[in-house]
Amino acid sequence: MGADVIDGNRLAQRLRERVAEELHAVQTSGLRPGLATVLAGDDYAAHAYERHVKKLADGLECYYVSEQLPANVEIADVQATVGKLNADPRITGILVLRPLPPHIPEAEVNRSLDPLKDVEAVHPENAGLLAQGRPRFVPSTPASCFWLLDTYLEESGHDPATYYAGRTMVVVGRSDSVGKPAASLGLLRNATVITCHSRTQAAGRLAEFTGLAEILIVAAGVPRLVTGDMVSEGVIAVDVGINAVKDEATGTTRMVGDLDFESVAAKALAITPVPGGVGPITDVWLIGNAVAAAANAAWGRAPLERLSRLVHG
Ligand code: NAP
């Protein structure tokens, strides 16, 4: 196995130091960033994520509010909760945790967010700005993929400002929160971007496209979807997937990604593990987005070097 395994925990620690500095800088200027999460229902992963964000926010001394609603909540109550947070000056960033209960239309909830507090860029205005290449906010998961890629490139002697230009980037997954914004960020870096999804696989063409990737980002939520025979030698492979898989032999459950780690690592130049890859960076980015939102609201576009570098390379 020759690939560099990119250590997300180490990079998350580095990012945490950066975000702590930014938080301190905006607080010194009199701004008070605050993050709120809205959680509806009993989803295990959403609750685990909420607890994790709270711990991180507490550690960074960032104001944090958690709104929890029952699984049988009405859409009007979810929107009323979002409206209350929109109006609360202590809150600069709002995240509605997914999945929402199936009877709650996600798009309607997203539309009720104040675009200036919509740190995950799910409101149509922010999604549109990102698609047009002039994002107000960069959603935390795709941002983390590029933060990780940029840092890896820098540490291995490449210039992330030019590395992507013309290279083939394949994104597997087209969700509004991960796949589409990741593809938009790839285009912003002048990569040649191919997006694959479930119908690509149904048409029997997934390996045809993943095999073209020089940079591969997989966000499908399908355990070990991409195997070594589906990638080319020297690919840089980023695994966003988080899948709980039961080991039939031992009865234990463990997390695996969307890449078949061993076989892809045997051909890759670099690869992210699951757990310990993209995941730990995402939580820190989210807090960083609330800091950026505070700066955005007070000063116009966020003058945070971390963000402008992400967008402009
Ligand atoms: P999602 O909303 O369910 O979207 C999944 C996407 O993958 C869809 O576009 C779907 O295609 C595509 N897809 C599904 N099966 C496929 C297949 N067999 N072949 C090719 N494409 C396929 O999921 P998501 O929110 O984007 O999340 C994706 C994964 O990332 C999940 O495992 C999630 O837990 C994980 N995640 C991790 C983090 C983190 O911090 N690391 C954050 C967010 C999400 P269609 O559009 O055709 O249905």
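Numbering of ligands and ligand atoms starts at 1, following listing order.
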| request: Please tell me if the side chains of Val138 and Phe146 come closer than 4.5 Å, counting only heavy atoms from C-beta onward. | output: no
| message | Evaluate Ile242 for polar contact with ligand 1, using N/O atom pairs at a separation under 3.5 Å. | response | yes
| request: Determine, considering heavy atoms only, which of Arg174, Glu120, His197 sits nearest to atom 46 (O) of ligand 1. | output: Arg174
| said: According to a hydrophobic-cluster definition based on side-chain heavy atoms being under 4.5 Å apart (Ile, Leu, Val, Met, Phe, Trp, Tyr only), do Phe137 and Leu23 belong together? | reply: yes
| message | Tell me whether Lys84 is salt-bridged to Asp88, with the criterion being a basic N under 4.0 Å from an acidic carboxylate O. | response | no
| Applying a 4.0 Å heavy-atom criterion (strictly less than), which segment of Asn243 is in contact with ligand 1: side chain, backbone, both, or neither? | side chain
| task | Kindly state if atom 36 (N) of ligand 1 has a protein heavy atom within a strict 4.0 Å cut-off, that is, under 4.0 Å? | result | yes
| request: Below 4.0 angstrom from a heavy atom of Val172, which ligand 1 atoms are there? Numbered from 1 as shown, please. | output: 20 (C), 21 (N)
| query | Thr81 and Glu67: side-chain donor and acceptor closer than 3.5 Å? | reply | no
| said: List ligand 1 atoms under 4.0 Å from Thr282, heavy atoms only on the residue side. | reply: 39 (C), 40 (O)
| said: Taking the side chain as everything from C-beta on, heavy atoms only, tell me whether Lys55 gets closer than 4.5 Å to Arg51. | reply: no
| task | Would you mind listing which atoms of ligand 1 come within a distance below 4.0 Å of any non-hydrogen atom of Arg98? | result | 2 (O), 25 (O)
| query | Do Asp159 and Leu153 touch side chain to side chain, with heavy atoms closer than 4.5 Å? | reply | no
| field | Donor + acceptor pair across side chains of Thr151, Arg14 (<3.5 Å) | value | no
| Which part of Gln201 is near ligand 1, with near meaning a heavy atom under 4.0 Å away: side chain, backbone, both or neither? | side chain
| What atoms of ligand 1 come closer than 4.0 angstrom to any heavy atom of Gly279? | 40 (O), 41 (N)
| said: Does only the side chain of Asp283 get under 4.0 Å from ligand 1, or the backbone, or both, or neither? Count heavy atoms. | reply: neither
| How does Val240 reach ligand 1, by side chain, by backbone, by both or by neither, if only non-hydrogen atoms under 4.0 Å count? | both
| message | Within the 4.5 Å heavy-atom criterion, are Val96 and Glu120 side-chain neighbours or not? | response | no
| said: List ligand 1 atoms under 4.0 Å from Gly221, heavy atoms only on the residue side. | reply: 28 (C), 29 (C), 31 (C), 32 (O)
